[in-house]
Amino acid sequence: MEAALFALPWVPVNIAGSDLLAKAWFGDTQYRVLLSDLSTVWEEEMNADDIQSRAQDLNKRLRAPTQAFFSHLCSVARPSFSSQADDPISAAHVALERHGDNLTVKLKSELAGLPFYWEFRCTTTPVAVVCRQLVRPLLAVSRVLQRQVEDLAALLARKDAEIQDYQENGAVLSRARLQTEAFDAHQYRENFFTQIVPQIGVTLDSLGFDSEMQALYAAVSSGETGQKRKRSPYSSPAAEDNHAAEHHAPDHLQITGVASSLASQEQNNVKGSSGRPLVADSKQTVPSTAGPEERSNSRVKKKKAVGLFR
């Protein structure tokens, strides 16, 4: 659960009129939720037994096991903790209450024709969890972005050298307005800090975790969790040795790999679109056709909502 939640990005949400950052992971019969207003971080973790007990406490007539109603709980709760909070198909009524240092998200929906109530009772998160789930990933993201800036500056320097070579060999611009000065990384950095940053107007309480930042956060987090994966029974010893070497590599080398993967992917795309034939894999897997008995046994029977309440 910890690794799955760590790999998820923070998402800006609006719950009952309050702007928050949210992280939510839902398993088969368990979940973990993190919420933050950038002043406090709250969390709640529940397993099947805890969910069963609270469901019966909030819904007196409910006698069904957790497996019978948890999918409904996930369907009405997920939109509140994701960018789908304004989805019109969500039929749940959401309320937010604060009791001292605790935060409660109340949901009211309909299950099997009767009201279904649920409460996410979040308590303040320990500092260690805040650092692991928020501070450290954001610091890693900032280092990756810094490496990206350095790579772009190096690319501009090579472009300037290429343009200079064209000019020395007699090339002339057809339109004077396209002419640019040679890129000076030091001067650009100073101008950006003194002129551009004040104009951006970014505040320290901004929840601007847009889609690109979420994707970068997920890439950095998945790279971290990938180093902690246990050896798969299908992995070869050579692959395991490579994984161990990556695990013990210095932090700056790991970050370099994450940052430069985007550039290598773009180069591969350029090669593929240049008209060169792409080599297809000679080995193809033909899907097997299951017999009538296998197809009938593989069908998942939907559980009826009838009988959840007594």
Q: Do the non-hydrogen side-chain atoms of L155 and R158 ever get within less than 4.5 Å of each other?
A: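 With C-beta onward as the side chain, the pair touches.
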Q: Do other residues, nucleotides or ligands put more than 12 heavy atoms under 6.0 Å from N47 CG?
A: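 Yes, because the 6.0 Å sphere around CG of N47 holds more than 12 heavy atoms from other groups.
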Q: Check the hydrophobic clustering (I, L, V, M, F, W, Y; side-chain heavy atoms under 4.5 Å; chains of links allowed) and say if L134 and L145 are grouped together.
A: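 In one cluster: yes.
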Q: So how far is it from T29 OG1 to M46 CE, rounded to the nearest 0.5 Å?
A: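 Here the interatomic distance stands at 11.5 Å.
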Q: Got R54 and L58 here, is their nearest side-chain heavy-atom distance under 4.5 Å?
A: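 Counting from C-beta outward, R54 and L58 do come under 4.5 Å.
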Q: Charged N to carboxylate O below 4.0 Å: is that the case for E43 and R32?
A: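 Yes, this pair counts.
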Q: Counting only heavy atoms not in Q179, do more than 12 sit closer than 6.0 Å to its CD atom?
A: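 Atom CD in Q179 is not packed in, count stays at 12 or less.
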Q: Going through the distances and angles, do F26 and F81 end up as a side-chain contact (heavy atoms from CB on, under 4.5 Å)?
A: CA-CA 11 Å; F26 291 89; F81 302 121; 4.3 Å; yes
Q: If we ignore angles and hydrogens, is there a donor and acceptor under 3.5 Å between the side chains of E97 and T104?
A: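 The answer is no; no qualifying pair exists.
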Q: So, do H93 and Y117 sit near enough that their side-chain heavy atoms are less than 4.5 Å apart?
A: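 Counting from C-beta outward, H93 and Y117 never come under 4.5 Å.
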Q: Please tell me whether L152 and L156 are part of a single hydrophobic cluster in this structure, the criterion being side-chain heavy atoms less than 4.5 Å apart.
A: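 Not linked; separate clusters.
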Q: Would you please test Q52 and T66 for side-chain hydrogen bond (donor to acceptor under 3.5 Å, both in side chains) and show each step?
A: CA-CA 5 Å; Q52 178 75 30; T66 304; 3.0 Å; yes
Q: For the residue pair W118 and F116, categorise the inter-ring angle as parallel (less than 30°), tilted (30 to 60°) or perpendicular (more than 60°).
A: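 The arrangement is parallel - the two ring planes meet at less than 30°.
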Q: Would you list the atom pairs, donor with acceptor, under 3.5 Å between side chains in residues 5-12 and any protein atom, with sequence neighbours excluded?
A:
| residue | atom | partner | partner atom | Å |
| --- | --- | --- | --- | --- |
| W10 | NE1 | Q133 | O | 2.9 |
| W10 | NE1 | Y217 | OH | 3.4 |

Q: Return the minimal non-hydrogen interatomic distance between C74 and P79, and the atom names on each side.
A: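 Nearest heavy atoms, C74 then P79: O-CD, 4.4 Å.
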Q: Measure the spacing between CZ of R189 and OG1 of T194 and express it to the nearest 0.5 Å.
A: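 R189 atom CZ to T194 atom OG1 measures 12.5 Å (nearest 0.5 Å).
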Q: Examine distances only and state if a side-chain atom of W42 and a backbone atom of D101 form a donor-acceptor pair shorter than 3.5 Å.
A: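 Checking the backbone N and O of D101 against the side chain of W42, a donor-acceptor pair under 3.5 Å is found.
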Q: Please report the shortest heavy-atom distance between E119 and Y31, naming the atom on each side.
A: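 Distance-wise, the nearest heavy atoms are O-OH, 4.4 Å.
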Q: When rounded to the nearest 0.5 angstrom, what distance separates CG in D160 from OG1 in T180?
A: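 Going from the CG atom of D160 to the OG1 atom of T180 covers 6.5 Å.
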Q: Quick one: pull up OG1 in T125 and CZ in R132 and give me the separation to the nearest 0.5 Å.
A: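 Going from OG1 on T125 over to CZ on R132, the span is 10.5 Å.
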Q: At what distance, to the nearest 0.5 angstrom, does CD of Q56 lie from CZ of R63?
A: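 With rounding to 0.5 Å, CD (Q56) is 6.0 Å from CZ (R63).
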Q: Show the numbers, then the answer: is there a side-chain contact (heavy atoms from CB on, under 4.5 Å) between L103 and F120?
A: CA-CA 8 Å; L103 186 72; F120 293 91; over 6 Å; no
Q: Identify the heavy atoms of A55 and L62 that sit nearest to each other, and give their distance.
A: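 Here A55 and L62 meet closest at CB-CD2, 3.7 Å.
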Q: Rounded to the nearest 0.5 Å, how far apart are OG1 of T40 and CG of N102?
A: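 If I round to the nearest 0.5 Å, the distance is 10.5 Å.
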Q: Please give me the minimum heavy-atom distance between S82 and V13, naming the atom from each residue.
A: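 Reported closest heavy-atom pair: O-CG1, 3.4 Å.
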Q: Could you check R98 against D37 for side-chain contact (heavy atoms from CB on, under 4.5 Å), going step by step and ending with a plain yes or no?
A: CA-CA 12 Å; R98 303 196 185 199; D37 61 355; 3.4 Å; yes
Q: Flag yes if V135 and V41 sit in one hydrophobic cluster, no otherwise; membership is Ile, Leu, Val, Met, Phe, Trp, Tyr, and two members link when side-chain heavy atoms are under 4.5 Å apart.
A: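 Same cluster.
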Q: Are the side chain of E44 and the backbone N or O of V33 linked by a donor-acceptor pair below 3.5 Å?
A: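 Absent.
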Q: What are the two closest non-hydrogen atoms of L107 and V76, and how far apart are they?
A: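 Reported closest heavy-atom pair: CD1-O, 4.2 Å.
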Q: State whether the number of non-hydrogen atoms from other residues, nucleotides or ligands found under 6.0 Å of H186 atom NE2 is greater than 12.
A: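 It does not: H186 NE2 has 12 such atoms or fewer within range.
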Q: Should V149 and V144 be regarded as members of a common hydrophobic cluster, given that ILVMFWY residues are connected when their side-chain heavy atoms come within less than 4.5 Å of each other, either directly or indirectly?
A: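 No; V144 is not reachable from V149 via cluster members.
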Q: Counting only N and O atoms by type, is there a donor-acceptor contact under 3.5 Å from the side chain of D57 to the main-chain atoms of S53?
A: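 Side chain of D57 to backbone of S53, a donor-acceptor pair under 3.5 Å: no, none is there.
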Q: Do V94 and I15 pass the side-chain contact (heavy atoms from CB on, under 4.5 Å) test, and can you show the C-alpha distance, the side-chain angles, and the key distance before you say yes or no?
A: CA-CA 7 Å; V94 185; I15 301 178; 3.6 Å; yes
Q: If you group Ile, Leu, Val, Met, Phe, Trp and Tyr by side-chain heavy-atom gaps below 4.5 Å, do V127 and L138 land in one group?
A: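 They do not share one cluster, since no chain of ILVMFWY contacts under 4.5 Å joins V127 to L138.
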Q: Should we count CD of E168 as having more than 12 external heavy atoms under 6.0 Å?
A: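 Enclosed.
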Q: Just so I know, are the side chains of L35 and V105 near enough to count as touching, which here means a heavy-atom distance under 4.5 Å?
A: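 Yes, their side chains come closer than 4.5 Å.
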Q: Check this for me: F183, atom CZ, are more than 12 non-hydrogen atoms of other residues, nucleotides or ligands nearer than 6.0 Å?
A: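 It does: F183 CZ has more than 12 such atoms within range.
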